[in-house]
Amino acid sequence: MPELPEVESVARQLRPRLVNRRITSVWTDPQSRFVDVQAATGARVAGLRRRGKYLLAGLTAAEAPRRELVMHLGMTGAFRFRDGDWTPDAYVRATLTLDDGVLDFRDVRRFGRLTVVPAGDYSTIATLAQMGPEPLGPDFRPTDFHAALRRSRMPVKAQLLSQRPVAGVGNIYADEALWLSGIHPRARRVGPQRAARLWGAIRQVLQAAIEREGTTFRDYQMVNGQSGRNATFLIAYGQQGRPCPRCSTALRKTDVGGRGTTYCPRCQRA
DNA sequence: AGATCGGCCTGGACGC
DNA sequence: TGCGTCCAGGCCGATC
């Protein structure tokens, strides 16, 4: 489940090997969620950045308007270069041939997406178009965050997963941040003080996870094939039945907005 | 227009 | 052993 720290780790490994390369040909699996990726053929990759859980590669080509290759890893997406230890793989859904190598997009469950759009035009990608501020950037401020949470009556966890109040938080880090800030995932009203605590908790759990190159719970792998090291540091996500480190109450698993949710029934308050 | 819910997709865990 | 069922969940689109 690649969320912001996982996608950031992928971006850091992908960037030096993709930027300034020319894409000489493109292959995509017709059964997967790919749109206009052929339009990347012949272009040069001018830059690679992360926005929430998306990777955005700027593309330049002679006699053509600027475009962007938008990449989302879905649940099981991973990029791998065909290096020395490469072997054929039935789960490769797309291949970008570069002027100096071959980059595969492997995705067992086909939730990943690759799309080429006019540069900056995300109108066909609603989640990206409506995405909230980067949680580790200067535009993410406690007061604005509180105001954003007040604009909806959905449970706070569902709001986080919507990507609108803040970018890049998924199921793992939502559970972690809500535990850290002592807020019940089903809370529908979060006051300014609790919003500020959640603001800080989101930044804290994401920053720590980036430093450990993400959480590998099942499938997530970096471009070099390695796993992230954050899984053993999780306090809430997937830890149902274990004692809460704050109050020793057994963590409970429930369902919020159709997503598995683990929380402390005693010290996370609605 | 916002909220809700089912569908997508596959492998793995589990029960009988 | 083998089969069936359920679960994981980011995002999208249909529907209310």
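Naming convention: chains lettered A, B, ... in sequence-line order (proteins, then strands); numbering from 1 in each chain.
A:R106 forms no cation-pi arrangement with A:F79, by the criterion of a distance under 6.0 Å to the ring centre and an angle within 45° of the ring axis.
Of the N and O atoms on the side chains of A:R186 and A:T254, at least one donor lies less than 3.5 Å from an acceptor on the other residue.
Atom CZ of A:R164 is separated from atom C1' of B:dA1 by 11 Å (rounded to the nearest Å). Remark: P of B:dT4 and CE of A:M154 are 7 Å apart, rounded to the nearest angstrom. Here the C1' atom of nucleotide B:dT10 and the CG atom of A:D89 are 14 Å apart, to the nearest Å. Between the CD atom of A:Q31 and the P atom of B:dC8 there is a distance of 13 Å, given to the nearest Å. Atom-to-atom, CD of A:Q239 to P of C:dA8 comes out at 14 Å; the value is rounded to the nearest Å. Look at CZ on A:R153: it is 11 Å from P on B:dT4, rounded to the nearest Å. Between A:I125 atom CD1 and C:dG10 atom P the separation is 18 Å, expressed in whole Å. Between A:N171 atom CG and C:dC11 atom P there is a gap of 11 Å when expressed in whole angstrom units.
Contact annotation: A:K253 does not reach the phosphate of C:dC7 (side-chain N/O to OP1 or OP2, under 4.0 Å). A sub-4.0 Å separation between OP1 or OP2 of B:dC9 and a side-chain N or O of A:Y91 is absent. Under 4.0 angstrom from either OP1 or OP2 of B:dG2 there lies no side-chain N or O belonging to A:S152.
When distances run from any side-chain atom of A:V108 to the nucleotides B:dC9, B:dG11, C:dC12, the shortest one goes to B:dG11. Side-chain proximity of A:R113 to C:dC12, B:dT4, B:dA3: nearest is C:dC12. Side-chain atoms of A:R109 lie closest to B:dC9 of the nucleotides B:dG11, B:dC9, C:dC12. Ranking C:dA8, B:dT10, B:dA3 by closeness to the A:Y237 side chain, first place goes to C:dA8. Listed nucleotides C:dC12, C:dG10, B:dC9 differ in distance to A:R110; the shortest reach to its side chain belongs to B:dC9.
Between the side chain of A:R22 and the backbone N or O of A:D99, no donor-acceptor pair lies under 3.5 Å.
Of the residues A:D89, A:T97, A:D104, A:T87, the one that meets the side chain to side chain donor-acceptor pair (under 3.5 Å) test with A:R82 is A:D104.
Within 4.0 Å (heavy atoms only), A:G260 reaches sugar-phosphate atoms of the nucleic acid but no base atom. Nucleic acid contact for A:T76: none, since no nucleic acid atom lies under 4.0 Å from a heavy atom of the residue. Residue-level contact check: A:R259 touches the bases, meaning some heavy atom is under 4.0 Å from a base atom. Contact annotation for A:R33: base contact, defined as any heavy-atom pair under 4.0 Å involving a base atom.
The aromatic rings of A:F34 and A:F105 sit perpendicular, their planes meeting at an angle over 60°, well past the 30° parallel limit.
Projected onto DNA chain C by closest heavy-atom contact, A:M75 and A:L128 fall at different nucleotides, the more 5' of which corresponds to A:M75.
Looking at A:D107 and A:R33, no side-chain N of the basic residue comes within less than 4.0 Å of a carboxylate O on the acidic one, giving no salt bridge.
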